[in-house]
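See structure below.
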Amino acid sequence: MTRQLGPSTAGGRGIDGYLAEDVVLQTARTLAHELGLAPIAASTGAALRLFAAMVNARAVIEIGTGTGVSGLWLLRGMRPDGVLTTIDTDAEHQRFARRVFLEAGYASSRSRVIAGRALDVLPRLTDGGYDLMVIDGDPAEHDAGVIGAARLLRPGGVVAVVGCGFDLAEAIRDRSDTWLPALLPTPDGLLAAVRR
């Protein structure tokens with residue numbers, strides 16, 4: 001018998017109630033709301049953590065640091081020696097994220113926080129040196145971020161685009177020589193693709 005996963009799954013709490021967030025994640029989420037940011041849903045975070053674990057991520061790029069909600073999910077899926085490189089234009093938000101990472105027990109050496117526009121920073125990063133790239137910044141720059149991911153990710157690496165528009169999803173699907181994509185039904189609209 002086949003059973004559908006729906007809003008009533010997980011004891012009526014819905015998909016985002018499946019994995020409870022601890023106090024540190026709740027604090028990061030509250031900070032985000034206080035600053036007028038929209039943090040990723042818990043189900044999106046769980047998917048990002050899963051991707052990091054699946055590729056045994058040692059090196060991850062995140063575009064859009066916020067207050068560290070997605071960064072915490074990523075760190076929790078990465079190898080113990082992994083380093084998260086997170087890029088954001090707002091240094092104040094990044095200060096909160098650094099504090100959140102430390103409160104969660106991650107040494108400062110586990111994250112490299114870079115203030116600036118992703119499109120200015122990405123060209124300075126190592127070709128093929130990353131296992132996973134998460135794009136959650138300015139939607140107008142998502143396509144350029146995916147182009148950067150094609151250069152920065154190793155074969156078998158994963159790009160995940162949060163809030164992916166359908167036009168970009170179709171463009172990635174049509175680049176089948178480079179990407180093997182899937183749209184995931186998280187509240188944030190998550191596209192994930194493996195670098196061929």
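The basis for the numbers below is simple: all heavy atoms, side chains too, and nothing from hydrogens, waters or symmetry mates. Predicted, not measured: the structure shown is a model, and the values here were computed from it.
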Looking only at non-hydrogen atoms, find the nearest pair between Arg110 and Arg79 and report the distance.
NH2-O, 3.0 Å
Report yes or no: does Thr67 contribute a side-chain atom to a donor-acceptor pair with the main-chain N or O of Ala28 at less than 3.5 Å?
yes
Quick one: do Leu125 and Leu153 end up in the same hydrophobic cluster if we chain Ile, Leu, Val, Met, Phe, Trp and Tyr together by side-chain heavy atoms under 4.5 Å apart?
yes
Does either side chain, that of Glu62 or that of Ser70, offer a donor lying less than 3.5 Å from an acceptor on the other one?
yes
Measuring from Phe166:CZ to Arg173:CZ, what's the distance to the nearest 0.5 Å?
6.0 Å
Could you walk me through whether Thr30 and Thr27 pass the side chain to side chain contact (heavy atoms under 4.5 Å, CB included) test, one step at a time?
CA-CA 5 Å; Thr30 299; Thr27 300; 5.7 Å; no
What distance separates Leu48 CG from Leu184 CG, expressed to the nearest 0.5 Å?
9.5 Å
Holding to salt bridge (charged side-chain N to carboxylate O under 4.0 Å, His left out), I want the full list of residues that pass it with Arg196, two or more places apart in sequence or in another chain.
none
Closest non-hydrogen contact found for Ala160 with Leu190 is CB-CD1, 4.0 Å
Compare all side-chain heavy atoms of Tyr130 with those of Val60 and state whether any distance is below 4.5 angstrom.
no
Side-chain heavy-atom pair Leu31, Arg99 within 4.5 angstrom cut-off
yes
Cluster check Leu191, Met133: I/L/V/M/F/W/Y, side chain < 4.5 angstrom
yes
With a 4.5 Å cut-off on side-chain heavy atoms, are Leu72 and Tyr106 touching?
yes
Measuring only between side-chain heavy atoms, which start at C-beta, is Leu122 closer than 4.5 Å to Ile63?
yes
Heavy-atom pair with the smallest gap, counting every atom of Ile135 and Val159:
CD1-CG2, 3.8 Å
Spatial distance of atom CD1 (Ile147) from atom CD (Glu141) [nearest 0.5 Å]:
12.0 Å
Please report the closest heavy-atom contact between Leu37 and Gly66, naming both atoms and the distance.
CD1-CA, 4.0 Å
What's the spacing between His93 NE2 and Leu35 CG if we round to 0.5 Å?
4.5 Å
Less than 4.5 Å apart, any side-chain heavy atom of Trp73 and any of Ile40?
yes
Distance col, row Leu74:CG vs Ile61:CD1, nearest 0.5 angstrom, shows 11.5 Å
Considering only heavy atoms from C-beta outward, does the side chain of Val134 approach that of Phe51 to under 4.5 Å?
no
Can you get from Val83 to Phe101 by hopping between Ile, Leu, Val, Met, Phe, Trp and Tyr side chains that sit under 4.5 Å apart?
no
Heavy atoms only: give me the nearest Met78-Arg58 pair and the separation to one decimal.
CE-O, 4.0 Å
All pairs passing salt bridge (Lys or Arg N to Asp or Glu O under 4.0 Å) where residues 142-158 contributes a residue, at least two apart
Asp127-Arg151, Asp131-Arg154, Asp143-Arg175
Decide yes or no for Arg195 and Val55: does some side-chain heavy atom of the first lie under 4.5 Å from some side-chain heavy atom of the second?
no
Could you pull out the closest heavy-atom pair between Thr186 and Ser43, with the gap in Å?
CB-OG, 4.1 Å
Supply the atom-to-atom distance Thr89 OG1 to Ile114 CD1, rounded to the nearest 0.5 angstrom.
13.5 Å
Min side-chain heavy-atom separation Arg98-Ser108 under 4.5 Å:
no
Given the rule that I, L, V, M, F, W and Y join up when any side-chain heavy atoms are under 4.5 Å apart, are Val69 and Leu84 in one cluster?
yes
Would Val162 end up clustered with Val146 when hydrophobic side chains under 4.5 Å apart are linked, directly or stepwise?
no
